[in-house]
Colleague: 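Please see the structure below; I have some questions.
Worth knowing before you read on, the calculation uses all heavy atoms, side chains too, and leaves out hydrogens, waters and symmetry mates. Naming convention: chains lettered A, B, ... in sequence-line order (proteins, then strands); numbering from 1 in each chain.
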2 protein chains.
Amino acid sequence: MGKRYTTSYEIAYYDCDINGTMTMPSMLAVVIRASEEQSDGLDRGAAFVSSFGLGWVITNYEIHIKRLPKVGEKVDITTEAIAYNKYFCYRHFWIHDQEGNECVLIKSTFVLIDKKNRKMSSVLPEIIEPYASEKITKIYRGEKIEKVGSGTFLPYRVRFFDIDGNQHVNNSIYFNWLLDVLGYDFLTHHEPTFINIKFDKEVEYGQEIESHYEVKEQENEKKTLHEIQIAGQTYCEANMKWRKRK
Amino acid sequence: MGKRYTTSYEIAYYDCDINGTMTMPSMLAVVIRASEEQSDGLDRGAAFVSSFGLGWVITNYEIHIKRLPKVGEKVDITTEAIAYNKYFCYRHFWIHDQEGNECVLIKSTFVLIDKKNRKMSSVLPEIIEPYASEKITKIYRGEKIEKVGSGTFLPYRVRFFDIDGNQHVNNSIYFNWLLDVLGYDFLTHHEPTFINIKFDKEVEYGQEIESHYEVKEQENEKKTLHEIQIAGQTYCEANMKWRKRK
């Protein structure tokens with residue numbers, strides 16, 4: 001329904017981990033870049049949004065993975081602003097291979113925040129109008145995130161370069177914290193098929209976070225539960241499903 | 001002398017740190033991508049090099065910075081394979097702004113290594129020929145790197161996602177370790193004008209490195225000396241010059 005934008009991308013070695021498949025942070029950087037290109041083309045780039053004192057923040061990704069793109073592979077990135085209500089904007093991203101097969105579908109939720117007080121703003125018609133996405137009254141409720149029960153954790157210190165030009169910890173760093181705890185063996189023998197991640201609070205420079213996790217065995221797959229905590233408070237939570245790598 | 005390749009790039013917020021200027025890792029990722037595009041265009045991409053059992057490794061960057069590119073800015077990236085001798089290939093990169101001013105010049109040294117035993121290979125004519133760079137007998141000696149004298153250090157553990165598709169710690173991670181130790185105050189009040197970095201040995205997953213450093217005051221600038229060590233052995237060393245940020 002909304003306007004679609006497609007661009008192509010060739011996956012570099014530095015987009016990949018030791019398995020030679022694309023990492024989540026690289027995948028998200030690439031799809032976000034596509035949405036920024038679309039916004040620029042519609043004269044709704046970061047500078048325009050910023051002229052209202054606002055900025056975009058992503059609160060949720062629901063990532064459905066049929067196949068992870070591989071190093072050297074060319075893919076098509078497509079994005080569409082699907083719908084919005086008073087506070088939330090819903091945008092989808094697709095990654096297709098050169099045969100036209102869908103590799104990844106990412107459903108994302110964006111909100112506008114006031115850059116000064118970091119509070120949520122209602123969606124402004126001036127900003128959203130050119131995307132031609134549908135105005136709805138409903139709030140999409142994604143799959144519920146199951147909480148970490150009896151797990152363990154590793155601590156991580158927020159480093160200078162974890163903070164990006166938006167002045168807060170880049171989303172890719174959360175993935176780094178969430179996944180690193182699973183360890184080499186797990187990460188070289190499994191690949192994700194589904195990730196549901198919710199960003200609750202913004203972590204700041206100098207803080208030390210705890211990356212809590214729990215691994216659950218289910219029929220033919222593993223499920224991992226994740227939570228980033230500081231002093232018992234939840235900053236980010238995620239559920240992931242995994243299958244064996246071939 | 002060699003063939004030149006130019007491409008343009010718009011700097012995203014995730015390419016920048018809290019200062020809103022491009023980080024070294026993002027800058028290097030972007031220029032390396034340009035050289036890969038050139039190589040692909042000459043049918044000398046990673047797959048071709050790999051067909052000889054070889055891969056490119058960068059051993060040295062000498063980075064001259066007149067001005068750091070800013071978030072949202074469009075720049076031109078130019079690269080040229082300048083010259084090569086029996087073992088070393090010399091490649092320059094330039095970043096120019098839209099007014100044609102040179103922002104950054106990066107002089108790099110590449111070597112070919114055998115992917116199995118990680119030993120250096122001599123430069124193969126089949127690989128280097130299409131770049132039309134000059135064959136020389138001389139070995140370029142860059143500016144000498146001054147060693148850390150009486151400094152201090154912070155420890156960093158190698159994380160899963162620090163290892164890239166080339167199976168070793170991505171160069172960007174060394175910059176993260178080298179610079180993070182300087183701290184928030186230093187990094188928000190200074191910007192680099194010159195960086196000379198030498199990669200001596202490859203760090204592996206699970207190792208814990210020490211990022212040693214020393215800050216020296218000189219007339220109108222600061223100089224920092226850096227060394228990545230494991231068990232007293234040097235893995236990477238660097239010198240940087242800094243001026244006050246405006």
Colleague: Looking at N19(B), D15(B), L187(B), which has the largest count of heavy-atom pairs under 4.5 Å with chain A?
Modeller: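 Among the listed options, the one with the most contacts to chain A is L187(B).
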Colleague: Go through the atoms of L154(A) and report whether side chain, backbone, both or neither lie under 4.5 Å from a heavy atom of chain B.
Modeller: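 Contact with chain B involves the side chain of L154(A) alone.
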Colleague: I'd like to check I163(A) versus Y184(B) (side-chain heavy atoms, cut-off strictly below 4.5 Å). Are they in contact?
Modeller: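 In short, these two side chains do not touch, never coming nearer than 4.5 Å.
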Colleague: Among I11(A), D40(A), N176(A), V71(A), single out the residue with the greatest number of heavy-atom pairs under 4.5 Å to chain B.
Modeller: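 Maximum pair count with chain B is reached by N176(A).
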Colleague: When you compare the side chain of L179(B) with that of F160(A), does any pair of heavy atoms fall below 4.5 Å?
Modeller: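 No - every pair of side-chain heavy atoms lies 4.5 Å or more apart.
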Colleague: Can you confirm whether the side chains of R33(B) and Y14(A) place a donor and an acceptor under 3.5 Å from each other?
Modeller: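 Y14(A) and R33(B) do have a side-chain donor-acceptor pair below 3.5 Å.
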Colleague: Got more than 12 heavy atoms from elsewhere within 6.0 Å of NZ, K241(A)?
Modeller: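 Count over threshold, so yes.
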Colleague: In Å, rounded to the nearest 0.5 Å, how long is the span from CG of D17(A) to CG of D162(B)?
Modeller: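 CG of D162(B) is found 11.5 Å from CG of D17(A).
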Colleague: Taking side chain as everything from C-beta outward and backbone as N, CA, C, O, which of these in I32(A) sits under 4.5 Å from a heavy atom of chain B? Side chain, backbone, both or neither.
Modeller: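 Interface part for I32(A): side chain.
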Colleague: Using non-hydrogen atoms and a 4.5 Å limit, figure out which bit of Y205(A) sits close to chain B: side chain, backbone, both or neither.
Modeller: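 Contact with chain B is through the side chain of Y205(A) alone.
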Colleague: Using heavy-atom distances under 4.5 Å, tell me whether N170(A) contacts chain B through its side chain, its backbone, both, or neither.
Modeller: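 Contact with chain B: side chain only.
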Colleague: Using a 4.5 angstrom heavy-atom cutoff, name the option from A29(A), G20(A), G183(A) with the most pairs to chain B.
Modeller: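 Result: the option with the highest number of such pairs is A29(A).
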Colleague: So for E10(A), is it side chain, backbone, both, or neither that comes closer than 4.5 Å to the heavy atoms of chain B?
Modeller: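 Both backbone and side chain.
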Colleague: Under 4.5 Å from any heavy atom of chain A, what part of N171(B) do you find: side chain, backbone, both or neither?
Modeller: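 Neither part; nothing is under 4.5 Å.
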Colleague: With chain B, which of R159(A), E37(A), M22(A) has the greatest number of heavy-atom pairs at distances under 4.5 Å?
Modeller: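 Maximum pair count with chain B is reached by R159(A).
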Colleague: Is A46(A) close to chain B through its backbone or its side chain, or both, or neither, when contacts mean heavy atoms under 4.5 Å?
Modeller: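 For A46(A), there is no contact with chain B at all, as no heavy atom is under 4.5 Å.
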Colleague: Are any of the side-chain heavy atoms of M24(B) and F161(A) separated by less than 4.5 Å?
Modeller: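 Counting from C-beta outward, M24(B) and F161(A) never come under 4.5 Å.
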Colleague: Is the number of heavy atoms from other residues, nucleotides or ligands within 6.0 Å of NZ (K74(B)) greater than 12?
Modeller: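 Result for NZ/K74(B): open.
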Colleague: Determine whether D180(B) and R157(A) make a side-chain contact, defined as any pair of heavy atoms from C-beta on separated by less than 4.5 Å.
Modeller: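 With C-beta onward as the side chain, the pair touches.
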